[in-house]
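Reviewing the structure listed below.
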Amino acid sequence: MSWNRRAGLVLGLAMGLLTGCSLTLAAPPPAGEIPFRTQPWPTPTPSLPPAGLSLQTGRSLFQEHCANCHGLRGQGDGPQAAALRARIPDARLDLTGSLAERTASLRDWFQVVTQGRADRGMPPWSNALSESERWAVVLYAWSLAAPPEVLAEAGDRYREACATCHGEDGRKGPVPLADPERVLGIAPAAWMEALQPGRVPAHAGLPELPTDLQQALIAYLPQLAFFAVDGAALQPPRPVATASVSGQVLNGTTEAPASGVTVTLYALIEASPIFSQTVQARADGTFRFETVPVYPEAAYLPVAEWQEVAYPAAHPLTLTAGQEVTLTLMVFDRAADPGGIHIDQAHWILQPLADRLFVTEVWVYSNRGSTTYGGAGSPGMIFLLPPGASNLQISGGELGVRYRQEEDRLIDTAPIPPGMGYQTAFGYELPLARARTLSLRAVYPVDRWNLLIAGGALQVSGLGLRDLGMRTLGNTTYHLYEVDPPAPGGARVITLQPRRPVPPWVVPLMLVLGAGVAIGLFRLWRRWEADPIDEIARLDEAYAAGEVDEGTYRRRRAALMARAIRRYQAGGPSPG
């Protein structure tokens, strides 16, 4: 499991804990386990793809991370494609265009996947995918230029047309086709040019190849250089029967049937789409999907798109042969008014790190209105960052597509339909001087605000704080405070004061001083103690006066003489 997936799992469990429990009873996730990096990610230098990459891996990753925009087959028809094109007309979403027009090499593609292209709506994936995973995605996306059935035969066609000169493995002849640097560095247009009759002397006797075969041969080159064909990735599962899905779309804002709504039905296997079909809802909001292929292992998810916002069904469907399923989908009008937005819980977790303070903010919110807030690239949820915040990291997102930063504002542009259970989590660093103030600010009404400070290195003070004591989770102990939430647009200011650590020389010094004090008190007590010689004299007078019997007199006088001798031996006054 990659670092990113482990982090996502930890944060998912943390979200469940934070949203499902009262923090007066349950503790939050350890700050040290919040999945944010505290150092910038290095810009990777493209290297060679590792040997043994699987097209199945690339396909799974592509459908998990890329299909929302690029579509199942890379045709630029994913559920978020329309919204992205509306915001960025130059977004390059179709990956299936002719290779003869493709002037970017595989290495160029890897750079774009790694570093992103914000001007075209492409986020960087260096934080979310490892280098080998990025190569797998790139090589699979590269293969989408050829139809699956043609690409599946490309190995056989290569061996028929090319292996005599270039070898079964592509490493023979004056121009080895499987040379990694050559495959990574030459653009597809140049390869297509080389396949045209008469363009390369060695190809003079070759017949003109069909265009789809040319593209398949070029798409096959990375497999020669880096891995064997993974046929399971190229051929989708086969359906066993058909079914139908119908229903109606209702507008939750107007409580009337919604017309003109686009409805797409997706079939998913292990969260990866393998089939999709799109229809338009009629004037009365009804829709119907005929002859839907039934895959026994698939779940089916209907999604309605209205005003560039996608509204999936509440639950996935399962289909059996000949089944007719009827359901209702809800959409809402979109508005720029955030009046329905309410923060149900806000959690700030502070982790001191030497001269820095790492802050994790977790916001749990709901839309209590009747319209969808934000979406389609318009400003959505706004979170205010404190001055000096650096190294911003967002859980499950990147700046540039869904999220953007404008000065001291982090903006989440995802639409917020009416309902509950939305979360945003992010982290950043602040310099930690001898003392500093921190303003807790919110744009929206807040029901509950909790402040958690890891360890005991910080003292906190301020108005509206209630000390709820210590909480322990895992190996981390927190000091938990409940904060009186400020009004929207206001602030609750707290002061952080690092506790002075005890210098290492203090403990032995205190031991020495304590020993000295103990000796001094002992000696003082000895001085206050009655002189045994005086007591012997008083005992003699009492015996002479008949106040003490002889037996008692002799026992007490012997004890006093022994004490006087001990005191003399210890350096006290002379017994005389």
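- Under a 3.5 Å cut-off, the side chain of Asn367 and the backbone N or O of Ile416 do form a donor-acceptor pair.
- Here the side chain of Arg404 pairs no donor or acceptor atom with the backbone of Arg409 at under 3.5 angstrom.
- Within a 6.0 Å sphere centred on CZ of Arg157, heavy atoms belonging to other residues, nucleotides or ligands number 12 at most.
- Thr372 and Pro415 make their closest contact through CG2-CB, 3.8 Å (heavy atoms, listed as atom of the first residue, atom of the second, distance).
- The closest side-chain heavy-atom distance from Pro257 to Val249 is not below 4.5 Å.
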Run the numbers on Glu305 and Thr264 for side-chain contact (heavy atoms from CB on, under 4.5 Å), then give the verdict. CA-CA 8 Å; Glu305 186 174 342; Thr264 302; 5.9 Å; no

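- The OG atom of Ser366 sits 7.5 Å away from atom CD1 of Ile341, with the distance rounded to the nearest 0.5 Å.
- In this structure, Leu93 and Leu84 approach most closely via the heavy-atom pair CD2-CD2, 3.8 Å.
- Residues Trp449 and Asp484 bring no donor and acceptor atom of their side chains to less than 3.5 Å of each other.
- Ring orientation note: the planes of Phe275 and Tyr295 are tilted relative to one another, at an angle of 30° to 60°.
- Here the side chains of Trp306 and Asn251 are in contact, with some heavy-atom distance below 4.5 Å.
- Side-chain contact between Asp344 and Arg368 is present, with at least one heavy-atom pair separated by less than 4.5 Å.
- Across all their heavy atoms, Tyr266 and Leu268 have their closest contact at O-CD1, 3.8 Å.
- You'll find the side chain of Val446 stays beyond 4.5 Å of the side chain of Val483, heavy atoms only.
- Taking the six-membered ring for Trp and thresholds of 30 and 60 degrees, Trp348 and Tyr428 have ring planes more than 60 degrees apart, a perpendicular arrangement.
- For the pair Val294/Pro239, no side-chain contact is recorded, criterion being any heavy-atom separation below 4.5 Å from C-beta on.
- When atom types are taken as modelled, the side chain of Ser105 and the backbone of Ile186 share no donor-acceptor pair closer than 3.5 angstrom.
- The closest donor-acceptor contact from the side chain of Arg441 to the backbone of Ala491 lies at 3.5 Å or more, if one exists at all.
- Thr253 and Ser370 are not linked by any side-chain donor-acceptor pair at a separation below 3.5 angstrom, with hydrogens and angles left out of the test.
- The main-chain N or O of Glu133 is found under 3.5 Å from a side-chain atom of Ser130 such that the two form a donor-acceptor pair.
- For the pair Gln248 (side chain) and Asp284 (backbone), a donor-acceptor distance under 3.5 Å is present.
- At distances below 3.5 Å, at least one donor-acceptor pair connects side-chain atoms of Tyr444 with backbone N or O atoms of Ile382.
- The CG atom of Leu144 sits 10.0 Å away from the SG atom of Cys66 when rounded to the nearest 0.5 Å.
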Evaluation steps, side-chain contact (heavy atoms from CB on, under 4.5 Å), between Val245 and Tyr300: CA-CA 10 Å; Val245 175; Tyr300 293 80; 6.0 Å; no

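- Using modelled atom types, one finds no donor on one side chain facing an acceptor on the other under 3.5 Å when comparing Thr424 with Tyr403.
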Worked check of side-chain contact (heavy atoms from CB on, under 4.5 Å) between Leu329 and Phe287: CA-CA 10 Å; Leu329 297 177; Phe287 63 90; 4.0 Å; yes

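- Using a 4.5 Å cut-off on side-chain heavy atoms (C-beta onward), His65 and Val137 make no contact.
- Here the CG-CD distance, from Leu440 to Glu361, works out to 8.5 Å after rounding to the nearest 0.5 Å.
- Considering every non-hydrogen atom in both Ala104 and Pro188, the closest pair reads O-CD, 3.2 Å.
- Between the side chain of Arg102 and the main chain of Leu95, a donor-acceptor pair closer than 3.5 Å is present.
- Taking the side chain as every heavy atom from C-beta outward, Arg117 and Gln111 never approach each other to under 4.5 Å.
- Taking each heavy atom of Leu106 and Trp135 in turn, the nearest pair found is O-CZ3, 4.2 Å.
- Gln307 has its side chain within reach of Asp333: a pair of non-hydrogen atoms, C-beta onward, lies under 4.5 Å apart.
- Under the 3.5 Å distance criterion, the side-chain polar atoms of Tyr373 are left unmatched by any main-chain donor or acceptor of Gly339.
- In this structure, Arg73 and Tyr140 approach most closely via the heavy-atom pair NH1-OH, 4.2 Å.
- A side-chain donor-acceptor contact under 3.5 Å links Thr114 to the backbone of Phe110.
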Can you check side-chain contact (heavy atoms from CB on, under 4.5 Å) on Leu392 and Gln405, steps first, answer last? CA-CA 10 Å; Leu392 176 65; Gln405 184 177 356; 3.6 Å; yes

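- A centroid separation of less than 6.0 Å is found between the aromatic rings of Phe426 and Phe383.
- Residue Gln280 places its CD atom among more than 12 non-hydrogen atoms of other residues, nucleotides or ligands, all under 6.0 Å distant.
- Rounding to the nearest 0.5 angstrom, the gap separating the CD atom in Glu324 from the OG atom in Ser246 is 7.0 Å.
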